[in-house]
Amino acid sequence: MVISLTKRYQELNFRMLWIEELGKHIGEKVILRGWVYNRRDSGKVRFVLLRDGTGICQCVFADSEVEKKYFELADSVNQESLVEVEGTIREFDRAPGGVELAARSMKLLADSVDYPITPKEHGIDFLLSRRHLWLRSSRQHALLRCRDTLIRAFHEFFGERGFILIDPPMITPTSCEGTTELFEISYFDDKAYLSQSGQLYMEPAAAAFGKVYCLAPSFRAEKSKTRRHLTEFWHLEPEVAFLDLAGDMELAEEMLSFVVKELLEGRSTEIEFLGTWGKNKQEKRAFREHIELLKNLNPPFYRITYTDAVKLLAKKGVNIQWGDKFGADEEAIISAVYDKPVFCHRYPKRSAPFYMKEDPENPELVKNFDLLAPEGYGEIIGGSQREDDLAKLEAAIERHNLPREPLEWYLDIRRYGTFVHSGFGIGVERTLAWITQTHHIRVTIPYPRLMDRIYP
RNA sequence: UCCUCGGUAGCUCAGCGGAAGAGCGGGUGGCUGUUAACCACUAGGUCGGGGGUUCGAAUCCCUCCCGGGGAGCCA
């Protein structure tokens, strides 16, 4: 079908163009194919907004210039019908994109009756149930283009630095961290679990390749119903040999600065659009301030120890004891002190996962960090130096009441040339939500998986 | 799992004991350039399900179902 269409355009001496390319073809006769985004009319003129995925083009049908049947089609064609429009591209300042198509004819290729997502406000339940159609809408379009750029930027950052991409398994025999709820699946005659992190598999890979990373889905079966949680999210996890905690934090801040720059440069149109879409005056100002913050997001970020953060919170009147975990409120208070993300590091060992390295300067602590994003977005990165002492790791496994046998392979890394190494995990959706100031991360992934929502 | 708010036209919502409403969307007509166009007319309802209170229930009570927001946990 595609081949024959292309041939037809050649025969007609027309050019089949994507809407994003139209600016370079002013004055040319072209054929556009796309879906009807919206339709407007005034007197003897009909406007059809055509969407082909790369952009939107206003097609103008003037009563005096087109045959009656085409004018009538332009007058009645349904939203999201697939059409082919033939005409001439011309400049028009007030049209979206600065150019418009002076239409000569239009052909209905596929009708669309009662398209549910009308140019109107809809509730989140309605939209999420129609996520497969919602993807066509302009805000979702902008967000997912930013997501594409963000993921490419992650790969570029690590690729340029000689990291090797190592894909972890998604089906695992046991929990990686032993704490969170896992999705159980049946695996022939056995039980298996969907991976909640690739980290334990990255550590042996770091011994094999030195600098490695993975970018894969992670699954969490916790019944978390908040704007920061998905049951399936994309998890980026670098792991580096001979890197200590300080180096790990440096890697994290360089990476974040890099991808933010790539987004600001590569997706300025989309980010500008997101800064105005559905926002009131105050929100628009807040967004502009956020963009200024992003523009100045150069290393180093701020650093504060857990112990100092507790003191800071106490000074702010928060009732908190050393050893308590930080909740969402505490994290918001800490991050609000700074105009850049802040590393909170060296948390109490008693609430830390088994694999984190004990701080030699204080065995009550582990050498880990959380990176807290400003503006209340909370933790977007969690990282640590890993325990490389076999005896200490074995003791930690025992302390956490974890079964030892499924972790023997992991202990091997400490048996055969153990080495200082560190890494971190960052959620693609949380990062994108923070950069684009999106309230809920469910719209930063094409098909969100949430508690009680698995359709479409 | 807990707390909290909600379910009324295709969509977004108002009505909160006394004739089922608005805006948008759909349909029809009007307007030479619209920007979620506008104007007029019009069709469209098991008020989430079940039970109860009452002369009378969308409205009050009980219960179940579904969804939103938040907490814990985490990225």
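Computed from a prediction, not measured in an experiment: that's the story for all the values here. Naming convention: chains lettered A, B, ... in sequence-line order (proteins, then strands); numbering from 1 in each chain.
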K.L.:
Take atom P in B/C41 and the same atom in B/U34, then report the distance between them in whole Å.
P.N.:
24 Å
K.L.:
Between A/Arg152 and A/Glu156, does any NZ, NE, NH1 or NH2 come within less than 4.0 Å of an OD or OE carboxylate oxygen?
P.N.:
no
K.L.:
Examine B/A37: is either OP1 or OP2 under 4.0 Å from a nitrogen or oxygen in the side chain of A/Asn38? Give yes or no.
P.N.:
yes
K.L.:
For the pair A/Asp370 (side chain) and A/Leu372 (backbone), establish whether a donor and an acceptor sit closer than 3.5 Å, ignoring hydrogens and angles.
P.N.:
no
K.L.:
Below the 4.0 Å mark, does B/G69 have OP1 or OP2 next to a side-chain nitrogen or oxygen of A/Arg442?
P.N.:
yes
K.L.:
So which nucleotide does B/U28 pair with, by the Watson-Crick or G-U wobble rule with both distances under 3.5 Å?
P.N.:
B/A40
K.L.:
Take atom P in B/U54 and the same atom in B/A43, then report the distance between them in whole Å.
P.N.:
39 Å
K.L.:
Closest approach to the side chain of A/Glu121, judged atom by atom: which nucleotide of B/G26, B/U34, B/U12 is it?
P.N.:
B/U12
K.L.:
Rounded off to whole Å, could you give me the CD-to-P distance for the A/Glu181 and B/C74 pair?
P.N.:
12 Å
K.L.:
Quick one: does A/Ser224 reach the base of B/C74 with a side-chain donor-acceptor pair under 3.5 Å?
P.N.:
no
K.L.:
Sticking with atom P, work out how far B/U59 lies from B/A75, rounded to a whole angstrom.
P.N.:
46 Å
K.L.:
Could you check which of B/U32, B/C11, B/A71 has an atom nearest any side-chain atom of A/Phe126?
P.N.:
B/C11
K.L.:
On RNA chain B, compare the nucleotides closest to A/Glu330 and A/Asp370; which residue's is nearer the 5' end?
P.N.:
A/Glu330
K.L.:
With a centroid cutoff of 5.5 Å and a plane-angle limit of 30°, would you call A/Phe233 stacked on B/A75?
P.N.:
yes
K.L.:
Can you check whether A/Thr118 has a side-chain N or O nearer than 4.0 Å to OP1 or OP2 of B/C11?
P.N.:
no
K.L.:
Nearest-nucleotide wise, let me know which of A/Glu429 and A/Asp329 is further upstream toward the 5' end of RNA chain B.
P.N.:
A/Asp329
K.L.:
Can a side chain N or O of A/Lys120 be found less than 4.0 Å away from OP1 or OP2 on B/U12?
P.N.:
no
K.L.:
May I have the distance from A/His122 (atom NE2) to B/C13 (atom C1'), rounded to whole angstrom?
P.N.:
14 Å
K.L.:
A/Leu450 CG to B/G67 P: how many Å, rounded?
P.N.:
11 Å
K.L.:
Within this structure, what is the CG-to-C1' distance between A/Leu127 and B/G67, rounded to whole angstrom?
P.N.:
13 Å
K.L.:
With a non-hydrogen cut-off below 4.0 angstrom, is A/Ala328 in contact with a base, only sugar-phosphate, or nothing?
P.N.:
sugar-phosphate
K.L.:
Which one, B/U32, B/A75, B/C73, comes nearest to the side chain of A/Lys325?
P.N.:
B/C73
K.L.:
Using atom C1' of each nucleotide, how far apart are B/U42 and B/A9 to the nearest Å?
P.N.:
14 Å
K.L.:
Does any nucleotide pair with B/U54 by Watson-Crick or G-U wobble geometry, both distances under 3.5 Å, and what is it?
P.N.:
none
K.L.:
Distance check: side-chain N/O of A/His439 vs OP1/OP2 of B/G70, anything under 4.0 Å?
P.N.:
yes
K.L.:
Of the listed nucleotides (B/C74, B/U1, B/G67), which one gets closest to any side-chain atom of A/Lys223?
P.N.:
B/U1
K.L.:
A/Gly327 near the nucleic acid: base, sugar-phosphate alone, or nothing, with a heavy-atom cut-off under 4.0 Å?
P.N.:
sugar-phosphate
K.L.:
Rounded to whole angstrom units, what separation is found between the CZ atom of A/Phe47 and the P atom of B/A36?
P.N.:
13 Å
K.L.:
Counting only side-chain N and O atoms of A/Arg40, is one of them less than 4.0 Å from OP1 or OP2 of B/A37?
P.N.:
yes
K.L.:
So A/Asp41, base contact, sugar-phosphate only, or nothing? Heavy-atom distance under 4.0 Å.
P.N.:
base
K.L.:
Between A/Arg453 and A/Asp125, is there a side-chain N and carboxylate O pair less than 4.0 Å apart?
P.N.:
yes
K.L.:
Please state how far atom CD in A/Gln58 lies from atom P in B/A36, giving the value in whole angstrom units.
P.N.:
11 Å
K.L.:
Among the candidates B/G33, B/G68, B/A75, find the nucleotide nearest to the side-chain atoms of A/His229.
P.N.:
B/A75
K.L.:
Any salt bridge between A/Glu253 and A/Lys340, counting N to O under 4.0 Å?
P.N.:
no
K.L.:
So what does A/Gln79 touch, heavy atoms closer than 4.0 Å: a base, only the sugar-phosphate, or nothing?
P.N.:
nothing
K.L.:
B/U8 P sits how many Å from A/Asp125 CG, rounded?
P.N.:
11 Å
K.L.:
Would A/Lys325 and A/Glu330 pass as an ion pair if we require N to O under 4.0 Å?
P.N.:
no
K.L.:
Could you check whether A/Glu232 gets within reach of a base, just the sugar-phosphate, or nothing at all, counting any heavy atom under 4.0 Å?
P.N.:
nothing
K.L.:
Applying salt bridge (Lys or Arg N to Asp or Glu O under 4.0 Å) to A/Lys107 and A/Glu86, what does each step give before you reach the verdict?
P.N.:
CA-CA 9 Å; A/Lys107 194 168 144 191; A/Glu86 172 229 316; over 6 Å; no
K.L.:
Under 4.0 Å, heavy atoms only, any strand: does A/Ile381 hit a base, just the sugar-phosphate, or nothing?
P.N.:
sugar-phosphate
K.L.:
Using the C1' atom on both, measure B/G52 against B/U12 and round to a whole Å.
P.N.:
32 Å
K.L.:
Centre of A/Tyr377's six-membered ring, under 6.0 Å away, within 45 degrees of the axis: is that where NZ or CZ of A/Arg227 sits?
P.N.:
yes
K.L.:
Over how many whole Å does the gap from A/Arg139 atom CZ to B/A36 atom P extend?
P.N.:
17 Å
K.L.:
Salt bridge check: are A/Asp388 and A/Lys357 linked by an N-O gap of less than 4.0 Å?
P.N.:
yes
K.L.:
Given B/G33, B/U12, B/C73, which nucleotide is nearest the side-chain atoms of A/Arg228?
P.N.:
B/C73
K.L.:
Among B/G30, B/G33, B/U1, which nucleotide has an atom closest to any side-chain atom of A/Met451?
P.N.:
B/U1
K.L.:
Need one value for A/Asp114: base, sugar-phosphate or nothing, where a base atom within 4.0 Å counts as base even if backbone is also close, heavy atoms only.
P.N.:
nothing
K.L.:
Can the ring centres of A/Phe301 and A/Tyr338 be said to be less than 6.0 Å apart?
P.N.:
no
K.L.:
Please determine whether any donor N or O and acceptor N or O are separated by less than 3.5 Å between the side chain of A/Arg220 and the base of B/G72.
P.N.:
no
K.L.:
Using a cut-off of strictly less than 4.0 Å, decide whether A/Lys225 has a side-chain nitrogen or oxygen near OP1 or OP2 of B/G72.
P.N.:
no
K.L.:
P atom, B/A57 versus B/A71: distance in rounded Å?
P.N.:
42 Å
K.L.:
Base, sugar-phosphate, or nothing: which does A/Arg90 touch, judged by heavy atoms less than 4.0 Å apart?
P.N.:
base
K.L.:
Measure from the side chain of A/Arg94, starting at C-beta and using heavy atoms only, and say which of B/G33, B/C31, B/A75 lies closest.
P.N.:
B/G33
K.L.:
Can you check the distance between B/G56 and B/G15, where both ends of the measurement are the P atom (answer in whole Å)?
P.N.:
26 Å
K.L.:
Measuring only the C1' atom in each nucleotide, how far is B/G44 from B/C24? A whole number of Å is fine.
P.N.:
14 Å
K.L.:
Tell me which nucleotide, if any, is Watson-Crick or G-U wobble paired with B/A71 when both distances must be under 3.5 Å.
P.N.:
B/U1
K.L.:
Please determine if A/Arg449 forms a cation-pi arrangement with A/Tyr447, meaning its NZ or CZ atom is less than 6.0 Å from the six-membered ring centre and no more than 45° off the ring axis.
P.N.:
no
K.L.:
Can a donor-acceptor pair under 3.5 Å be found between the side-chain atoms of A/Arg453 and the base atoms of B/C66?
P.N.:
no
